[in-house]
Protein chains: 2
Amino acid sequence: MAEMDTRTPRERYRTQVRAEIKEHAWEQIATTGATALSLNAIAKHMGMSGPALYRYYASRDELITELIRDAYRSLADTLHSASLAGADLTVLAHAVRGWALAHPQRYLLIYGTPVPGYHAPDAITLISSEIMAILLDACAALPSDSPATPFDAHLADHRDWADGHPAPPAVLHRALSFWTRLHGVLSLELAGHFTGMGFDPALLFAAELDDLSAHRGDGGPGD
Amino acid sequence: MAEMDTRTPRERYRTQVRAEIKEHAWEQIATTGATALSLNAIAKHMGMSGPALYRYYASRDELITELIRDAYRSLADTLHSASLAGADLTVLAHAVRGWALAHPQRYLLIYGTPVPGYHAPDAITLISSEIMAILLDACAALPSDSPATPFDAHLADHRDWADGHPAPPAVLHRALSFWTRLHGVLSLELAGHFTGMGFDPALLFAAELDDLSAHRGDGGPGD
DNA sequence: AAGATTAAGTTAGAAGGTATCACGAATCTT
DNA sequence: AAGATTCGTGATACCTTCTAACTTAATCTT
């Protein structure tokens, strides 16, 4: 049975309206993009007048910040699930890609062009490092006998972002490459820079992924 | 001697004002970002009233389109110069990075999150394939004895974007990897996703570049 | 040179955006 | 039931892009 909700009806109503606002916001973002998000339109769509929204979100920026946080949370949860069900890099990569293609505006909200004056609050940094931890675990699972590069040496001394994760520099390096390479393909694809070029972005993504898992692996027959 | 300018003074004045508008636009974009570009602010900054700008640009979108075109042109020229002065991939990559760091908003305008309803006109597609041609030339200059991947086979049949360039599929593949990997690092760096992580993005960029030039090159220790 | 034409710049205003404020009304608390 | 709190509203201020009408000025034609 549900335990007694200690919150007052007012509070429950409030959180429900906040959630409904975000729902409409996502709907609008999915069609018109994040920059064109309009509080007025959301309000009218919900049957109330513009300024009423300001009872729930102090500003447009605050709403967007919460949307970004939710997007991070959604991605982190997706990765967490994938990581539980067999956490190798390939599975993880396809989870990321699937999520990004299902919610392009969410991905772009996180990793796209930043809002000029925007600064990520700590809550987001936390989720971000949670994602990084999953990635580092997956990278650590792969063997790595590649020679230490100059960048590896640099990483040995600059591993704040690993947040205490005991991975060796080569693994840190691999995680960063994983992140930046997949983002390179994904962001260009989502931005539409491949449309009209003729090839299938999914295959390029897979090729980059193959290269990541193979060429510094067990020294075996890479592919 | 300057040859007679056949244009009327009106036309010369017109192009000069258009150029001045773009200059102010870049100034504003550099500080506040592209989404916050305001025609009104530009006009007031130039000492004339808002609607006057519409004599020179039919809409805000038309101005932005021309800015994007100029940004593409600037990048293409930069790459062209670099390509003339010894066109190996490393030089090219550092030219791109230098340009991107010098004009972050220009880079983001080209490769960042797209404007929802925006569609690139043909003039831009032309410059884009000009850039691709330079990249393909540089990639073709490197030896390539890597085994054909499934993606290579796919590229053999989907090479419209190469625009008649006679590069073999492996070179096309390398060009795409070059593009996406460097963009992966650059875009995340420009978006500020590395700030606070501690490591030096320049070294990550260099490491990615090393990997690109080395591991499928001379048959080195890679595989 | 005088008149007609064209272009440029102005003000006014429509439509829409964020955000603040003051006020009435609904609701929770006591 | 009375009081305090919160919600939603309309009015308002100040932005934005963009259109329309009007004035002024430069240029072209006769």
Side-chain angles (χ1 to χ4, degrees), chain A residues 4-29 31-68 109 115-119, chain B residues 4-29 31-68 109 115-119:
Chain A
M4 271 300 285
D5 197 338
T6 61
R7 296 178 307 169
T8 69
R10 267 265 161 78
E11 276 173 325
R12 273 185 296 150
Y13 176 72
R14 194 180 164 72
T15 65
Q16 188 208 322
V17 172
R18 277 176 72 102
E20 194 176 339
I21 290 174
K22 283 197 287 186
E23 236 172 82
H24 282 88
W26 279 125
E27 219 168 284
Q28 193 177 319
I29 278 184
T31 63
T32 66
T35 62
L37 190 145
S38 156
L39 296 190
N40 248 320
I42 293 176
K44 285 197 173 64
H45 218 267
M46 287 176 63
M48 58 185 185
S49 269
L53 271 186
Y54 287 80
R55 298 275 177 204
Y56 302 93
Y57 290 98
S59 70
R60 197 187 111 111
D61 265 25
E62 189 184 303
L63 173 57
I64 290 187
T65 294
E66 190 148 321
L67 292 177
I68 292 178
L109 204 55
V115 182
Y118 183 77
H119 226 63
Chain B
M4 271 301 284
D5 197 339
T6 62
R7 295 179 310 169
T8 69
R10 267 265 160 78
E11 277 173 326
R12 273 185 296 151
Y13 176 71
R14 198 180 161 74
T15 65
Q16 187 209 322
V17 172
R18 277 177 72 102
E20 192 176 340
I21 290 174
K22 283 198 288 187
E23 236 172 82
H24 282 88
W26 279 125
E27 219 168 283
Q28 195 177 318
I29 278 184
T31 62
T32 66
T35 62
L37 190 146
S38 156
L39 296 189
N40 249 323
I42 293 176
K44 285 200 172 62
H45 216 268
M46 288 176 65
M48 57 186 187
S49 269
L53 271 186
Y54 287 80
R55 300 273 176 202
Y56 301 95
Y57 289 98
S59 70
R60 183 177 180 270
D61 265 23
E62 189 183 302
L63 173 57
I64 289 187
T65 294
E66 190 149 320
L67 293 177
I68 292 178
L109 203 54
V115 182
Y118 182 77
H119 227 63

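Note on naming: letters A, B, ... go to the chains in the order of the sequence lines (proteins, then strands), and numbering restarts at 1 for each one. Source: prediction; values computed, not measured.
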For [X] and [N], is the shortest distance between a side-chain N/O and OP1 or OP2 below 4.0 Å?
{"X": "B:N40", "N": "D:dC15", "result": "no"}
{"X": "B:S49", "N": "C:dG9", "result": "no"}
{"X": "A:S59", "N": "C:dT18", "result": "no"}
{"X": "B:Y13", "N": "D:dT27", "result": "no"}
{"X": "B:S38", "N": "D:dC15", "result": "no"}

Atom pair distance, as rounded to whole Å: [atom1] in [X] and [atom2] in [N]:
{"X": "B:Y57", "N": "C:dA8", "atom1": "OH", "atom2": "P", "value": "13 Å"}
{"X": "B:I42", "N": "D:dT16", "atom1": "CD1", "atom2": "C1'", "value": "13 Å"}
{"X": "B:M46", "N": "C:dG9", "atom1": "CE", "atom2": "P", "value": "9 Å"}
{"X": "B:L53", "N": "D:dA20", "atom1": "CG", "atom2": "P", "value": "18 Å"}
{"X": "B:E62", "N": "D:dC18", "atom1": "CD", "atom2": "C1'", "value": "13 Å"}
{"X": "A:R60", "N": "D:dT16", "atom1": "CZ", "atom2": "C1'", "value": "12 Å"}
{"X": "A:M48", "N": "C:dA25", "atom1": "CE", "atom2": "P", "value": "20 Å"}
{"X": "B:Q16", "N": "C:dA7", "atom1": "CD", "atom2": "C1'", "value": "16 Å"}

Picking from D:dT17, C:dT18, D:dG8, which would you name as closest to the side chain of A:Y54?
C:dT18
Name the closest nucleotide to the B:P51 side chain, picking from C:dT20, C:dT10, C:dG17.
C:dT10
Beyond-backbone contact of B:E27 with B:E23, side-chain heavy atoms, under 4.5 angstrom:
no
Would you mind reporting whether B:L53 and B:M48 have side-chain heavy atoms less than 4.5 Å apart?
yes
Describe the nucleic acid contact of A:Y56 in one word from base, sugar-phosphate, nothing, applying a heavy-atom distance below 4.0 Å.
sugar-phosphate
Base, sugar-phosphate or nothing for B:L37? Non-hydrogen atoms, less than 4.0 Å.
sugar-phosphate
Side-chain donor/acceptor of A:T32 to backbone N/O of A:I29, under 3.5 Å:
no
Is A:R18 reaching over with its side chain to a backbone N or O of A:Y57, donor-acceptor style, under 3.5 angstrom?
no
When you look at B:K44 and B:N40, which way does the side chain to side chain contact (heavy atoms under 4.5 Å, CB included) test go after all the steps?
CA-CA 6 Å; B:K44 285 200 172 62; B:N40 249 323; 3.8 Å; yes
Check if the side chain of B:R55 and the base of C:dG9 share a donor-acceptor pair of N or O atoms closer than 3.5 Å.
yes
